[in-house]
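Below you'll find the structure, written out as structure tokens, and then a few comments.
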Amino acid sequence: MQFSHATNDASVRRILLIEDDADLAEALGDVLEEGGHDVIRASDGDDGLRKMRESRPDVVVLDLMMPHVDGWQFRIAQRRDPALATTPVVVISASNSPTAAAVDADLYLRKPLDTTTLLRAIDDVLNVQRRKLEPAMIAQTERLAAVGTLAAGVAHEINNPLTYVLLELANAVRLVRAVATDSNRAAMKEIDDHLHGAAEGAERIRSITSAIRAFTRPADTVITPIDIRDPIDAAVKMVMGEVRPRAKLITQYGDAPPVMANEGRLAQVFMNLLTNAIHAIPDGLPDDNEIRIVVTTDSDGKLVAEVSDTGIGIPSHLVGRVFEPFFTTKPVGQGMGLGLWISHNIITGLGGSLTVASEPRATTFRVVLPRSRGG
């Protein structure tokens with residue numbers, strides 16, 4: 001097979017090349033790498049399935065005629081695995097038989113083929129997949145907006161009777177103290193303790209509804225200088241119930257210059273980062289694990305907020321993909337894979353950066369934001 005060199009302006013993709021012919025695999029791999037892509041090689045379908053689960057490629061380039069597990073068998077196994085099923089597949093084969101052409105693939109290419117055809121084929125199948133995903137992303141955004149509107153309404157409705165409850169509890173405390181005598185003082189003290197406990201519970205409800213409101217303010221709210229510790233505290237209040245059975249939560253607030261942002265959007269970011277940390281830590285060992293939030297500034301005076309956890313970590317070959325839409329390492333049904341992608345878009349939209357470094361028991365997400373003018 002003869003290949004001519006061609007340039008490809010597409011962004012780097014991770015491509016799994018499954019080809020048993022060593023010479024052809026080398027030639028195809030060279031073409032894809034020269035096109036700017038990251039190539040993982042497999043020698044048959046069985047090896048391909050294993051490497052696909054490890055590397056989660058963007059697209060598979062698949063030969064049909066292979067030993068052990070051939071291309072048809074690979075495709076059947078891939079379709080049966082929900083974590084792999086949606087990855088697009090480009091089949092390349094020299095066969096012109098109806099059986100070969102009818103293989104369940106996103107695109108079928110006949111050998112021989114040139115560089116331009118192969119690279120364009122990869123672009124085409126990924127563009128088609130992107131168009132298929134767009135409606136799902138729009139629908140998910142609409143669902144999140146609807147949930148936010150509902151939550152804001154619920155928080156508002158709760159606040160009115162909650163205010164009444166707090167006022168009545170304060171009145172009850174004053175009356176108990178007024179009617180206390182030497183003969184009933186012990187009973188009145190017990191009643192006073194119960195009333196204070198009820199008031200503390202009501203104040204906690206008020207803090208939760210306040211945190212909900214921080215999440216549900218419209219996204220188009222005017223961006224203003226804010227103290228980043230406020231949205232972080234709002235996010236912490238929302239997740240503490242999940243944190244307690246898993247880890248100690250530690251906050252270290254240093255210098256925190258104001259940043260130009262929307263409080264609700266930043267609360268959403270830190271809610272996502274904290275939830276990610278929580279899910280990385282197994283339940284039941286809170287004394288052995290911690291989630292740490294550190295706020296400081298870097299050498300350029302930019303604000304830095306780090307969320308670290310002592311969880312299982314992110315496999316090294318997947319670290320570069322955690323901000324991709326719909327990418328998740330959670331079991332099917334336990335995550336859409338949008339939280340980190342949304343968070344990344346929010347932070348970069350504010351002129352900042354969101355990065356991650358991970359190893360077992362040491363994962364850190366780092367938010368960097370420019371300080372507001374005059375801050």
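From a predicted model like this one, the values you see are computed outputs, not experimental measurements.
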May I have the step-by-step check of side chain to side chain contact (heavy atoms under 4.5 Å, CB included) for L354 and T348, ending in yes or no?
CA-CA 7 Å; L354 173 57; T348 55; 5.9 Å; no
In terms of side-chain heavy atoms, does S43 have a donor or acceptor partner in D20 at a distance below 3.5 Å?
no
Approximate separation, where rounding is to 0.5 Å, of I347 CD1 and R265 CZ
10.0 Å
State plainly whether the residues R120 and D123 are in salt-bridge range, i.e. N to O under 4.0 Å.
no
Name the orientation class of the two ring planes belonging to F323 and H344 (parallel below 30°, tilted from 30 to 60°, perpendicular beyond 60°).
tilted
If you round to the nearest 0.5 Å, how far is CD1 of I223 from OG of S372?
12.0 Å
Heavy-atom closest contact (N272 atom, S343 atom, distance)
ND2-OG, 3.0 Å
Would you say that V60 contacts P88 through its side chain, given a criterion of any heavy-atom pair below 4.5 Å between the two side chains?
no
Salt bridge (charged side-chain N to carboxylate O under 4.0 Å, His left out) evaluation trace for K248 with E290
CA-CA 5 Å; K248 300 183 292 292; E290 72 175 34; 5.4 Å; no
Could you grab the distance from atom CD of E242 to atom CG of D283, nearest 0.5 Å is fine?
10.0 Å
Looking only at heavy atoms, what is the nearest atom pair of L166 and A199, with distance?
CD2-O, 3.9 Å
Heavy atoms, side chains only, cut-off 4.5 Å: are F74 and R79 in contact?
no
Could you walk me through whether V125 and V59 pass side chain to side chain contact (heavy atoms under 4.5 Å, CB included), step by step?
CA-CA 8 Å; V125 296; V59 64; 3.9 Å; yes
How close do V259 and P370 get, counting heavy atoms only, and between which atoms?
CG1-O, 3.5 Å
Minimum-distance pair of heavy atoms, taken over all atoms of L17 and G29
CD2-N, 3.7 Å
Between N289 and L285 (side chain of the first, backbone of the second, donor and acceptor by atom type, cut-off under 3.5 Å), is there such a pair?
yes
Quick check for you: to the nearest 0.5 Å, what is the distance between L16 atom CG and S55 atom OG?
5.5 Å
Heavy-atom side-chain contact between I18 and M66 under 4.5 Å:
yes
For a 4.5 angstrom cut-off between non-hydrogen side-chain atoms, does V173 reach H196?
yes
Answer with yes or no whether the hydrophobic clustering places V368 together with F270; edges join I, L, V, M, F, W, Y residues whose side-chain heavy atoms lie under 4.5 Å apart.
no
Please confirm whether the backbone N or O of V89 pairs with a side-chain atom of D106, one donor and one acceptor, at under 3.5 Å?
yes
Is there a side-chain contact between R246 and P282 in this structure, where contact means two heavy atoms from C-beta onward sitting under 4.5 Å apart?
no
Side-chain atoms of residues 293-303: list all donor-acceptor pairs with protein atoms under 3.5 Å, sequence neighbours left out, distances to 0.1 Å.
| unit_1 | atom_1 | unit_2 | atom_2 | d |
| --- | --- | --- | --- | --- |
| D298 | OD1 | D300 | N | 2.9 |
| D298 | OD1 | G301 | N | 3.1 |
| D298 | OD1 | K302 | N | 2.9 |

Is a side-chain donor-acceptor pair under 3.5 Å present for T355 with S353?
no
Contact check, side chains of E306 and V367, non-hydrogen atoms, under 4.5 Å:
no
Do L274 and M240 share a hydrophobic cluster, counting only Ile, Leu, Val, Met, Phe, Trp and Tyr and linking them when any side-chain heavy atoms are less than 4.5 Å apart?
yes
Answer yes if L28 and L107 sit in the same cluster of Ile, Leu, Val, Met, Phe, Trp and Tyr residues linked by side chain heavy atoms under 4.5 Å apart, and no otherwise.
yes
If you compare all heavy atoms of S95 against all heavy atoms of S97, which two are closest, and at what distance to 0.1 Å?
OG-OG, 3.0 Å
N/O donor-acceptor pair under 3.5 Å between D233 side chain and D230 backbone:
no
E190, CD atom: more than 12 neighbouring heavy atoms under 6.0 Å
no
Using 4.0 Å as the upper bound for N to carboxylate O, is an ion pair formed by D182 and R185?
yes
Donor-acceptor contact present, side-chain Q78 to main-chain T87, <3.5 Å:
yes
At what distance, to the nearest 0.5 angstrom, does CZ of R50 lie from CG of D44?
9.5 Å
For a 4.5 angstrom cut-off between non-hydrogen side-chain atoms, does I228 reach L266?
yes
Look at the side-chain heavy atoms of Ile, Leu, Val, Met, Phe, Trp and Tyr, link any pair under 4.5 Å apart, and say whether L175 and I191 land in one connected group.
no
Do I15 and I122 have side-chain heavy atoms sitting under 4.5 Å apart?
yes
Return yes if some donor-acceptor pair links the side-chain N/O of T117 with the main-chain N/O of L113 below 3.5 Å, else return no.
no
Less than 4.0 Å between a side-chain N and a carboxylate O, is that true for D309 and R361?
no
Would you call K111 and D63 a salt bridge, using N to O less than 4.0 angstrom?
yes
Check R244 against P286 and note the closest heavy-atom contact, atom names and distance.
O-CB, 3.3 Å
Would a hydrophobic clustering, with Ile, Leu, Val, Met, Phe, Trp and Tyr connected at side-chain separations under 4.5 Å, put L340 with L369?
yes
Between Q73 (side chain only) and D70 (backbone N and O only), is there a donor and an acceptor less than 3.5 Å apart?
yes
Working note: K51 + D47, criterion salt bridge (charged side-chain N to carboxylate O under 4.0 Å, His left out); need CA distance, chi angles, decisive distance, verdict.
CA-CA 6 Å; K51 289 181 177 176; D47 187 30; 3.4 Å; yes
Hey, does the side chain of H37 reach the backbone of L32 with a donor-acceptor pair shorter than 3.5 angstrom?
no
Exactly one of E26, E33, E19 clears salt bridge (Lys or Arg N to Asp or Glu O under 4.0 Å) with R41, and that residue is E33
Quick one, I291 with I281, criterion side chain to side chain contact (heavy atoms under 4.5 Å, CB included). Give me CA distance, side-chain angles, the key distance, then yes/no.
CA-CA 9 Å; I291 297 172; I281 298 173; 3.8 Å; yes
Worked check of side chain to side chain contact (heavy atoms under 4.5 Å, CB included) between M188 and D192
CA-CA 6 Å; M188 291 297 106; D192 186 74; over 6 Å; no
Do S358 side-chain atoms and I314 backbone N/O form a donor-acceptor pair below 3.5 Å?
yes
Less than 4.0 Å between a side-chain N and a carboxylate O, is that true for R14 and D58?
no
Please determine, by modelled atom types, if D227 and Y253 share a side-chain donor-acceptor pair under 3.5 angstrom.
no
What's the spacing between L49 CG and D81 CG if we round to 0.5 Å?
8.0 Å
When you compare the side chains of T181 and N184, does any donor N or O come within less than 3.5 Å of an acceptor on the partner?
yes
